[in-house]
Participant: 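Here it is, the structure in full.
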Amino acid sequence: MVKTQSVVFVSPGEVAVEDVSLRPPDSGEVHLRAHTTLISPGTERAFLLGLPNTSQEYPQRPGYNFTGEVVALGEGVEELTIGQRVVAAARHACDVVIAASQVVPVPDGVAHEQAVFFNMLGIALQGVRRSRLELGESVVIMGQGQVGLLAMMLSRIAGAVPVVALDPDARRRGVSEKVGVDRVLDSSDKAAVRDLLADLGGGADVVIEATGAPQPIPTAFHLARRGGRVVLLASTRGETESVNFYREVHKKGLTLYGAHNSARPSADSQPSVWTWRRDAVAVLELMAHSRLDMTPLISHRFTATDATSAYALLADWDPSIVGVILDWS
């Protein structure tokens, strides 16, 4: 058994970095040693605080954005090598044992702090794919947290124009501008939103709702043009009330897509719906070809032993939080 450390949600709002024992890898598994892990702000905060649509069972071991290297191989694992740099949908821990099928090699030249965004990029990408976005279509992204920013970046790569970002927080809008959005607006400015609708000829071809809150969903319907598409990308915590489906959805002929990451096929990618692994490879290749740069999204860095400070910041919900990296090196 290997002695290692792992982040644990002990109880609602309580975080610790605990010493744990790790078994050797079984057949088809690998032992990985972490370099960096990335906090998923909306989801991990929701589970930490026991918000609606979470398990509310403790203790929990959070995390699914992991970069590191292969330390040991279980029997039958031939596609990976000792010392190889990889990413995995693994928890926040110094060492993990995980199925080799959940591990993806990192291309040469892609730094750990770039690669660690692979899973969040994949989550955003499957939302963009489900929208069936076409070159030259207009896109409005509601919410400029981590997932919204990534969806905005991927929409630009996919050829959307214009790509418009909405967020009430000036700091997040500032990150959008650094990344290169075509237009960014304060979502609480009703006059600016009315002007946007007029400029888009009545609405956007695609609206991607990435706030994770239930209240903005009716606004997402309102911002879409007749015959447009609305993608519910973020994990909404709570119930949406006062939706006039007849006026906002039926009469406008909207198409609504649920885009939770768990709805992916386990095998055999299809048009607009790819497997987790294929999307992971795709975003890492985009990084390797200098088409994606995560640097503007890194807002905080903590050593892994100080993870409790990172989660305290998350629990208080400082809007400046975008990409929080834990360094295990």
Side-chain angles (χ1 to χ4, degrees), residues 4-9 15-18 32-48 60-69 85-96 98 102-107 109-125 144-154 169 171-172 174-176 178-179 210 212 261 280 283-284 286-288 290 292-329:
T4 188
Q5 290 185 310
S6 176
V7 173
V8 180
F9 294 169
V15 182
V17 180
E18 293 187 346
L32 307 179
R33 181 152 297 147
H35 187 282
T36 56
T37 59
L38 175 73
I39 291 176
S40 173
T43 296
E44 293 191 40
R45 180 178 185 271
F47 277 82
L48 171 61
Q60 299 176 17
R61 299 191 182 276
Y64 44 86
N65 303 284
F66 177 110
T67 70
E69 64 180 51
R85 297 169 63 247
V86 296
V87 295
R91 65 182 183 271
H92 299 294
C94 186
D95 295 84
V96 297
I98 191 170
Q102 297 299 304
V103 177
V104 178
V106 175
V110 177
H112 284 287
E113 286 197 352
Q114 297 283 318
V116 77
F117 282 86
F118 85 104
N119 214 5
M120 302 308 296
L121 275 162
I123 289 168
L125 180 55
Q144 290 294 279
Q146 190 179 118
V147 169
L149 284 162
L150 295 173
M152 181 264 285
M153 297 168 75
L154 291 165
D169 186 77
R171 287 167 292 186
R172 289 190 168 185
V175 178
S176 303
K178 288 181 182 178
V179 172
N261 204 41
V283 296
L284 289 168
L286 286 169
M287 291 179 187
S290 302
L292 279 172
D293 180 12
M294 299 296 101
T295 305
L297 274 65
I298 301 172
S299 58
H300 299 79
R301 293 178 176 87
F302 292 87
T303 60
T305 53
D306 194 27
T308 54
S309 297
Y311 284 99
L313 193 67
L314 195 68
D316 290 341
W317 200 236
D318 182 339
S320 69
I321 295 172
V322 179
V324 182
I325 286 178
L326 302 181
D327 185 350
W328 298 86
S329 61

Participant: Which heavy atom of M120 sits nearest to which heavy atom of S40, and what is that distance?
Facilitator: CE-OG, 3.3 Å
Participant: Which salt bridge (charged side-chain N to carboxylate O under 4.0 Å, His left out) pairs, counting each pair once, include a residue from residues 307-329, with sequence neighbours left out?
Facilitator: R171-D318
Participant: Looking only at heavy atoms, what is the nearest atom pair of P296 and V175, with distance?
Facilitator: O-CG1, 3.7 Å
Participant: Measuring from L121:CG to L286:CG, what's the distance to the nearest 0.5 Å?
Facilitator: 8.5 Å
Participant: If I take atom OG from residue S176 and atom CG from residue D169, how far apart are they, to the nearest 0.5 angstrom?
Facilitator: 10.0 Å
Participant: R33: what forms a salt bridge (Lys or Arg N to Asp or Glu O under 4.0 Å) with it, not counting sequence neighbours?
Facilitator: D95
Participant: Do F66 and R91 touch side chain to side chain, with heavy atoms closer than 4.5 Å?
Facilitator: no
Participant: In Å, rounded to the nearest 0.5 Å, how long is the span from CG of L48 to CD of Q60?
Facilitator: 8.5 Å
Participant: Of all the heavy-atom pairs spanning M287 and M294, show the shortest one and how long it is.
Facilitator: CE-CG, 4.1 Å
Participant: Give the minimum heavy-atom separation between I39 and E44, together with the two atoms involved.
Facilitator: CA-OE2, 3.5 Å
Participant: Sequence neighbours excluded, which residues qualify as salt bridge (Lys or Arg N to Asp or Glu O under 4.0 Å) partners of E18?
Facilitator: R61
Participant: Do the non-hydrogen side-chain atoms of M153 and L297 ever get within less than 4.5 Å of each other?
Facilitator: yes
Participant: Could you pull out the closest heavy-atom pair between P41 and V322, with the gap in Å?
Facilitator: CG-O, 3.3 Å
Participant: Report yes or no: do D306 and T303 form a side-chain donor-acceptor pair below 3.5 Å?
Facilitator: no
Participant: Within a strict 4.5 Å, meaning less than it, do heavy atoms of the L314 and I321 side chains meet?
Facilitator: yes
Participant: For the residue pair P62 and H92, establish whether any side-chain heavy-atom pair is separated by less than 4.5 Å.
Facilitator: yes
Participant: Out of curiosity, T295 OG1 to F117 CZ, how far, rounded to the nearest 0.5 Å?
Facilitator: 8.5 Å
Participant: Does a side-chain heavy-atom distance below 4.5 Å link T305 with V17?
Facilitator: no
Participant: Quick one: closest heavy-atom pair of A310 and F302, and the distance?
Facilitator: CB-CD1, 3.5 Å
Participant: Taking ring pair (Phe, Tyr, Trp, His ring centres under 6.0 Å) as the test, write out the residues that go with H300, two or more places apart.
Facilitator: none
Participant: Taking only residues two or more places apart in sequence, or in another chain, which ones meet Y311 in a ring pair (Phe, Tyr, Trp, His ring centres under 6.0 Å)?
Facilitator: F9
Participant: Please examine the side chains of I98 and V103, heavy atoms only from C-beta on, and report whether any two atoms are closer than 4.5 Å.
Facilitator: yes
Participant: For E113 and H35, test the side chains for any donor-to-acceptor distance below 3.5 angstrom and give the result as yes or no.
Facilitator: no
Participant: Picking from N65, L326, I298, what satisfies side-chain contact (heavy atoms from CB on, under 4.5 Å) with L38?
Facilitator: N65
Participant: Tell me yes or no: between the side chains of T36 and H112, is some donor less than 3.5 Å from an acceptor?
Facilitator: no
Participant: Apply side chain to side chain contact (heavy atoms under 4.5 Å, CB included) to V7 and V15, showing your working.
Facilitator: CA-CA 7 Å; V7 173; V15 182; 4.0 Å; yes
Participant: Evaluate V106 against Q114 for side chain to side chain contact (heavy atoms under 4.5 Å, CB included), listing each step before the verdict.
Facilitator: CA-CA 10 Å; V106 175; Q114 297 283 318; over 6 Å; no
Participant: Is there a side-chain contact between I325 and T37, using heavy atoms and a 4.5 Å cut-off?
Facilitator: no
Participant: Drop me the distance from N261's CG to L125's CG, to the nearest 0.5 angstrom.
Facilitator: 10.0 Å
Participant: Test of understanding: with ring pair (Phe, Tyr, Trp, His ring centres under 6.0 Å), list the residues that count as partners of Y64, not counting sequence neighbours.
Facilitator: none
